[in-house]
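Here's the structure, in structure tokens; my notes come after.
Values in this document were obtained by computation on a predicted structure and should not be read as measured data. Order of the sequence lines fixes the chain letters, A, B, ..., with proteins taken first and strands second; residue numbering starts at 1 for each chain.
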Amino acid sequence: MGYRGLGSCSWKYAYHHSLVSVTNSQIATTPLPSPWRHSCSSLHSTISKGSSPLAVLHAHFIKNGCLQTLNLANYLLTRYVKSTNLDHAHKLFDEILHKNTQTWTILISGFARAGSSEVVFNIFREMLAKGACPNQYTLSSVFKCCSADNHLQLGKGIHAWMLRNGVDADVVLGNSILDLYLKCRVFGYAERLFQLMNEVDVVSWNIMIGAYLRAGDVGKSIDMFRNMPYKDVVSWNTMIDGLMQCGYEKCALEQLYCMVEYGTEFSAVTFSIALILASSLPLMELGRQLHGKVLKFGFNGDGFIRSSLVEMYCKCGKMDKASIVLNDVPLDFLRKGNAGVICMEPKAGLVSWGSMVSGYIWNGKYEDGLKTFRLMVRKLVVVDIRTVTAVISACANAGILEFGRQIHAYIQKIGHRIDAYVGSSLIDMYSKSGSMDDAWMIFRQINEPNVVLWTSMISGCALHGQGREAIGLFEEMLHQGIIPNEVTFVGLLNACSHVGLLEEGCTYFRMMKDVYCINPGVEHYTSMVDLYGRAGRLIQTRNFIFENGISHLSSVWKSFLSSCRLHKNVEMGKWVSEMLLRVAPSDPGAYILLSNMCASNHGWDEAARVRSLMHQRGVRKQPGQSWIQLKDQIHTFVMGDRSHPQDQEIYSYLDTLIGKLKGIGYSLDVKLVMQDVEEEQGEVLLSHHSEKLAVVWHH
DNA sequence: ATAGGGTTAG
């Protein structure tokens with residue numbers, strides 16, 4: 001085992017024979033070396049006194065000069081790495097004077113597993129500089145870091161070096177190179193490598209299929225999935241999860257049933273994925289069956305699965321069931337006295353607590369969410385920052401600023417540093433709820449070159465129509481060497497279109513394609529159509545749509561239609577709405593927009609015809625709602641709503657307010673009402689718009 | 001030693 005492939009290569013440093021032979025001694029797999037065994041009993045007393053066993057061993061090695069015995073030193077190094085004590089590992093590493101390939105490799109693979117890519121690259125460079133010869137393990141660790149860090153150049157360089165020197169890669173090493181190329185989206189290279197590899201195993205196929213799914217190429221991945229010679233659990237998991245991520249929930253469910261039929265045993269990951277599937281469909285029945293199996297197979301101690309269960313019940317609206325899962329301590333694990341599981345438990349438990357809090361928010365039960373969060377804080381000392389992040393994100397999407405603020409305060413109280421993750425979700429929350437000052441404060445406070453962080457600030461500016469600020473941020477970001485991604489450009493283009501910065505928008509769109517090689521997605525195209533349309537360049541808009549082959553996207557036509565209305569171009573508007581209805585016959589928005597446009601030109605008959613067509617086709621529109629939060633309570637309003645306990649007061653106050661507004665020259669744009677109602681009635685409907693009701697309640 | 005699950009932004 002161990003060293004192969006590189007042994008025969010013409011490694012350019014000559015003195016490697018000795019190193020290579022040492023490499024062949026299999027330190028990590030041999031039983032404890034004898035000096036260690038001798039000192040075992042003497043060590044035992046020291047260890048039991050409470051000092052760290054590894055540190056004691058380390059001290060012992062230094063005292064007896066064992067560190068310069070390579071296999072002993074490597075053994076200790078392995079122990080440090082396995083206990084994820086990387087600082088100590090590095091220190092020990094520096095103390096070892098004569099390192100062999102294995103010494104370097106142990107350290108490199110340790111840091112690679114911890115995700116410290118930069119450290120790995122540095123050690124690897126040092127290793128080459130010292131003339132040590134990397135083996136298959138070393139290289140696959142380095143490749144892993146390359147793919148985690150998107151470091152295509154380095155990976156390519158090493159691969160080229162391997163080819164030049166006739167270094168064979170075994171399957172594992174081949175797979176890590178394959179993974180690198182796929183993670184960096186150079187599919188051509190990956191495909192050629194896949195064909196040229198001497199040996200291809202399940203993992204290779206899984207890597208390929210997973211990559212195609214991530215890229216959204218469902219057809220190709222299904223094709224490969226069918227043709228692969230053997231499928232393991234991971235293959236099925238990858239396929240089911242990927243289909244779900246691509247929005248093919250039904251297909252994913254089908255594959256899940258196929259998997260059962262095929263006879264592949266479920267792993268913990270399968271349960272986790274299947275439960276997420278059940279909550280996104282949502283299929284309560286499937287979820288309950290899965291829950292039964294989870295209990296049967298004893299997977300209920302797994303934090304991921306528990307939180308998926310909680311989330312599933314929350315999404316199905318069964319909060320009581322969710323809270324039962326949450327409070328169900330896995331007694332099995334306690335009884336077995338499985339120390340590892342119990343140690344993991346607080347963290348895993350927190351994941352499900354976080355899901356529970358998010359679940360309450362999802363279901364609009366903010367009070368319960370807050371209560372659960374407080375309980376969580378009281379019961380568990382350490383709060384996992386990741387779950388807190390998810391909760392903040394839920395707050396942002398539900399628009400409950402107060403809750404988010406409390407969590408923010410809590411994070412500061414426990415003294416946790418606000419990193420890019422939490423920061424991004426906080427910025428998102430503050431900007432969505434209108435507190436731009438707070439958003440800026442967080443942004444300035446973090447000062448990290450993180451794309452998501454900058455993107456959330458740019459998007460926040462876009463949301464508030466601060467186009468110039470967004471552009472300023474973007475330029476500053478480029479100046480700092482941060483590479484923008486597709487989401488960054490969504491925010492930036494939106495900012496441009498909101499403010500009507502046509503020139504700038506076009507420049508950035510070109511920059512995105514030409515400089516950053518990002519293929520525009522639906523959002524980018526829609527933004528561009530919006531940009532041209534709002535600027536009144538209707539012909540240009542039409543040309544843009546056909547030139548880019550995006551006439552199948554309903555969002556594009558909807559934006560175009562709004563622009564037609566904005567610039568009162570009825571003729572173009574009619575044509576656009578025909579296109580829209582052809583593309584999206586079951587989208588209520590299409591009918592509303594069209595009927596609105598007819599109505600604003602007094603084409604009441606036509607407007608009514610559109611509406612009846614909509615009813616005929618069974619398309620229904622959800623009425624718009626507005627919320628407002630006062631203290632701990634959320635008040636919900638629908639247009640013309642009379643259900644609020646204090647509706648009398650609200651309406652009379654609203655009428656007084658509108659009377660006053662009219663007195664100072666405010667007029668309601670009756671054209672904005674889509675129905676064929678009398679002018680007067682239209683005014684009433686508009687003035688009782690849900691947002692107005694909510695605002696009035698506030699006073 | 002290589003692949004798979006839930007921290008952030010549209």
Does anything in residues 443-455 of chain A come within less than 4.0 Å of DNA chain B? Heavy atoms only, and list the residues if so.
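Per residue number, the list reads A:Val452, A:Thr455.
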Quick check on [N]: is either OP1 or OP2 less than 4.0 Å from any side-chain nitrogen or oxygen of [X]?
X: A:Ser393; N: B:dA9; result: yes
X: A:Gln245; N: B:dG4; result: no
X: A:Lys231; N: B:dA3; result: no

Pairwise side-chain contact, A:Lys315 with A:Asn363, heavy-atom cut-off 4.5 Å (strictly under)
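Result no, sub-4.5 Å side-chain heavy-atom pair not found.
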For [X], which contact category applies under a 4.0 Å heavy-atom criterion: base, sugar-phosphate, or nothing?
X: A:Asn397; answer: nothing
X: A:Ala268; answer: base
X: A:Ile276; answer: sugar-phosphate

Taking side-chain contact (heavy atoms from CB on, under 4.5 Å) as the test, write out the residues that go with A:Val391, two or more places apart.
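A:Val357, A:Ser358, A:Ile361, A:Cys395, A:Ile407.
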Going by the rule side-chain contact (heavy atoms from CB on, under 4.5 Å), which residues pair with A:Asp530 if we only count those two or more places apart in sequence or in a different chain?
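Partners of A:Asp530 under the side-chain contact (heavy atoms from CB on, under 4.5 Å) test: A:Ser497, A:Arg534, A:Ser559.
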Does any pair with a residue in residues 207-218 of chain A pass side chain to side chain donor-acceptor pair (under 3.5 Å), and if so which ones, sequence neighbours excluded?
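Checked against side chain to side chain donor-acceptor pair (under 3.5 Å) - neighbours excluded - the pairs reaching residues 207-218 of chain A are A:Glu191-A:Tyr212.
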Consider the side chain of [X], meaning its heavy atoms from C-beta on, and name the nucleotide among [options] that approaches it most closely.
X: A:Asn494; options: B:dA3, B:dT7, B:dG10; answer: B:dG10
X: A:Lys183; options: B:dG4, B:dT7, B:dG10; answer: B:dG4
X: A:Ala390; options: B:dA3, B:dA1, B:dG6; answer: B:dG6
X: A:Thr389; options: B:dT7, B:dA1, B:dG6; answer: B:dT7
X: A:Thr238; options: B:dT2, B:dA9, B:dG4; answer: B:dG4
X: A:Asp302; options: B:dG5, B:dG6, B:dT8; answer: B:dG5
X: A:Phe304; options: B:dT8, B:dG6, B:dG10; answer: B:dG6

Donor-acceptor list for residues 142-149 of chain A side chains, cut-off 3.5 Å, not counting sequence neighbours:
| residue | atom | partner | partner atom | Å |
| --- | --- | --- | --- | --- |
| A:Ser147 | OG | A:Lys144 | O | 3.0 |
| A:Asp149 | OD1 | A:Ser117 | OG | 3.3 |

Take the angle between the ring planes of A:Tyr516 and A:Phe489 and call it parallel below 30°, perpendicular above 60°, tilted in between.
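It falls in the tilted class, 30° to 60°.
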Do [X] and [N] have a side chain to base donor-acceptor pair shorter than 3.5 Å?
X: A:Ser272; N: B:dG6; value: no
X: A:Ser307; N: B:dG6; value: yes
X: A:Asn237; N: B:dA3; value: no
X: A:Ser267; N: B:dG4; value: yes

Not counting sequence neighbours, list each pair that qualifies as a salt bridge (Lys or Arg N to Asp or Glu O under 4.0 Å) and has a residue in residues 223-242 of chain A.
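Applying salt bridge (Lys or Arg N to Asp or Glu O under 4.0 Å) to every pair that reaches into residues 223-242 of chain A, excluding sequence neighbours, yields nothing.
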